[in-house]
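Please read these numbers as outputs of a predicted model, since none were measured by experiment. Residue numbers begin at 1 in each chain, while the letters A, B, ... track the order of the sequences.
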2 protein chains.
Amino acid sequence: MPAVSAAQGRSTSTAAGQRRRAGRPSAAVLDKAGITAAALELVSRKGYDGLTMAALAKMLDVAPSALYNHVAAKQDVLLLVEDHLMSLVNVSGFEAGSWEDAVRTWAWSYRDVFAAHTPLIPVIAVLPVTDAPQTLAMYETVSKGFSDAGFPQEGIVPAIVALESFIFGSAYDVTAPEDIFESGSMADSTPHFTAAVRSSSAASGASAGIGEPGRQERGRQADAAFRLGLEALVSGLGALRS
Amino acid sequence: MPAVSAAQGRSTSTAAGQRRRAGRPSAAVLDKAGITAAALELVSRKGYDGLTMAALAKMLDVAPSALYNHVAAKQDVLLLVEDHLMSLVNVSGFEAGSWEDAVRTWAWSYRDVFAAHTPLIPVIAVLPVTDAPQTLAMYETVSKGFSDAGFPQEGIVPAIVALESFIFGSAYDVTAPEDIFESGSMADSTPHFTAAVRSSSAASGASAGIGEPGRQERGRQADAAFRLGLEALVSGLGALRS
DNA sequence: CTAGCTAAATGAATGGCATTCATTTAGTGG
DNA sequence: CCACTAAATGAATGCCATTCATTTAGCTAG
């Protein structure tokens with residue numbers, strides 16, 4: 001089961017010297033932890049387009065087909081990555097402090113983690129938690145937090161699902177291009193929308209100095225929308241408590 | 001420019017008799033409307049996995065490479081489909097009636113449309129509205145509705161974005177498998193979550209008779225979470241009005 | 001009227017991708 | 001020590017989006 005750091009160490013160094021000959025090696029080269037780590041590194045370096053079975057194999061200094069002794073399909077690799085990322089979501093607020101603040105901390109960190117990994121969102125949506133221990137652990141902590149805060153039993157899952165839906169959608173929003181709302185040549189025929197876009201970007205731009213690069217401008221707009229929706233959900237859902 | 005229904009009519013019949021010889025045909029076979037219609041039909045028959053450039057070409061009785069005279073890449077086909085779907089979203093509530101009801105009607109129909117087309121959600125998130133007239137038209141109507149309801153100019157776009165984020169995330173939730181929250185063998189180590197899952201499915205199952213097939217059970221749970229979050233957002237965001 | 005330009009089709013590549021299969025080798029349990 | 005299983009290689013497969021050379025049709029300038 002272990003031998004993790006061995007696989008890791010090998011994969012980090014840029015290439016082993018001589019070819020490995022065919023046949024089972026004395027010490028196993030691959031395991032799930034090593035595959036997960038290599039996939040994460042590959043994604044951070046080349047993005048999800050660069051995450052191919054061939055590239056993953058190369059990073060682990062292995063033939064592509066070797067991966068299939070450990071995962072049934074590429075989807076399994078994504079699943080491993082996804083479950084690892086869930087362990088990065090901050091649920092510490094549910095251990096102490098108010099329910100509202102716990103939800104805020106959790107939701108912001110959840111969004112931030114997956115904003116950098118939006119291609120995984122479709123995977124999560126379909127992924128039975130059975131195969132994802134970290135994910136399950138997160139749900140347990142959050143559920144307990146809701147329960148302790150006085151939520152009725154039947155309302156916990158719907159409330160979490162509503163928050164998660166908002167979080168996933170908002171993660172996409174973070175990645176949207178800066179000019180997403182530029183109506184271009186049709187601006188004349190969409191006066192209300194054009195005006196609304198203009199004044200909302202002016203408003204978020206005003207909070208920091210003007211003449212900003214513009215790249216973080218999108219981030220600030222995404223943050224504003226997220227804050228707005230999150231506060232609405234926190235107060236609306238919080239009313240369910242007894 | 002038109003000749004739409006011609007292309008349409010041809011594409012619907014299952015295959016033309018003899019090969020078309022090389023070279024430009026007297027009447028154009030393809031146009032964007034025909035491509036869009038064929039793509040939609042293909043998706044409804046075979047799903048998004050079945051939407052390949054080759055299959056699309058076959059449905060239109062054309063060589064795959066011919067498509068590239070009308071779209072620059074497959075992404076453009078998805079964009080055409082996406083924009084068409086936006087015209088199916090019900091914004092009629094914003095013409096008359098209360099803001100709350102208009103948002104409810106809009107949000108439910110928006111979610112329902114894209115629940116059947118979740119692979120497009122990543123496309124929308126990155127799509128500048130410039131190239132999507134129907135999408136732009138929807139935003140215009142919704143913006144006007146918010147403005148007329150007394151929203152401050154700077155708050156309109158953030159509010160719409162927050163709602164959309166929730167809608168997209170919820171669309172994914174609709175497609176989740178029935179057993180998504182089945183914790184399986186780890187149930188013992190996640191007592192709070194397991195209990196919450198049990199009682200939430202019992203609660204939604206109780207509204208209709210028991211012993212249901214289970215397939216619509218997921219739909220009812222998704223609806224419950226969506227209703228919960230939507231009502232929270234409607235009341236939270238509605239407070240911004242002057 | 002015709003020469004040339006552009007648009008719209010075919011058909012034959014190309015390269016990348018996930019996945020499979022036959023084969024080889026190493027350890028393990030009876 | 002023998003069979004079995006696990007874990008690697010390397011070669012092949014089939015699908016997919018995309019490109020390119022080529023062909024043909026219609027329009028337009030001179």
**Q** Between atom NZ in A:K58 and atom C1' in D:dT9, what is the gap in whole Å?
**A**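 Rounded to whole Å, this separation is 16 Å.
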
**Q** Side chain of A:V62 only, please: which of C:dA18, D:dT9, D:dT18 is the nearest?
**A**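 Side chain of A:V62 sits closest to D:dT9.
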
**Q** Between B:M53 and A:S65, who's closer to the 5' end of DNA chain D by nearest nucleotide?
**A**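 Between the two, 5'-proximity favours A:S65.
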
**Q** Less than 3.5 Å between a donor and an acceptor, one on the side chain of B:N69 and one on the base of C:dA7, is that the case here?
**A**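 Not at all, since no donor on one side and acceptor on the other fall under 3.5 Å apart.
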
**Q** I need the CZ-P distance between B:R20 and C:dG11, as an integer number of Å.
**A**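 About 9 Å, once rounded to whole Å.
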
**Q** Determine, for A:K144 against A:E140, whether the closest basic-nitrogen to carboxylate-oxygen distance falls under 4.0 angstrom.
**A**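 The answer is no: the pair does not qualify as a salt bridge.
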
**Q** Looking at A:D83 and A:K32, is any side-chain nitrogen of the basic one under 4.0 Å from a carboxylate oxygen of the acidic one?
**A**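 Salt bridge absent between A:K32 and A:D83.
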
**Q** Out of C:dT10, D:dA8, D:dA17, which has the shortest distance to the side chain of B:A66?
**A**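 Among C:dT10, D:dA8, D:dA17, the one nearest the side chain of B:A66 is C:dT10.
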
**Q** Are the side chains of A:I167 and A:W106 in touch, meaning some heavy atoms are under 4.5 Å apart?
**A**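 Answer yes - side chains close enough.
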
**Q** Which listed nucleotide (C:dA18, C:dG11, C:dT19) is nearest to the side chain of B:A63?
**A**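 That would be C:dG11.
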
**Q** Rounded to whole Å, please give me the gap between OH in A:Y68 and P in C:dT19.
**A**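 The distance from OH of A:Y68 to P of C:dT19 comes to 4 Å, rounded to the nearest Å.
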
**Q** Between C:dA9, D:dT19, C:dT19, spot the one nearest the side chain of A:P64, thanks.
**A**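 Minimum distance to the A:P64 side chain belongs to C:dT19.
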
**Q** Separation of A:Y48 atom OH from C:dC17 atom P, in whole Å?
**A**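 It is 17 Å, rounded to the nearest whole Å.
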
**Q** side-chain hydrogen bond (donor to acceptor under 3.5 Å, both in side chains), that's the test. Do A:S201 and A:E217 meet it? Break it down for me.
**A** CA-CA 8 Å; A:S201 57; A:E217 172 60 16; 5.1 Å; no

**Q** Of all the choices, D:dA8, C:dT10, D:dT18, which nucleotide is nearest to the side chain of A:H70 once you look at every atom?
**A**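 Output: D:dA8.
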
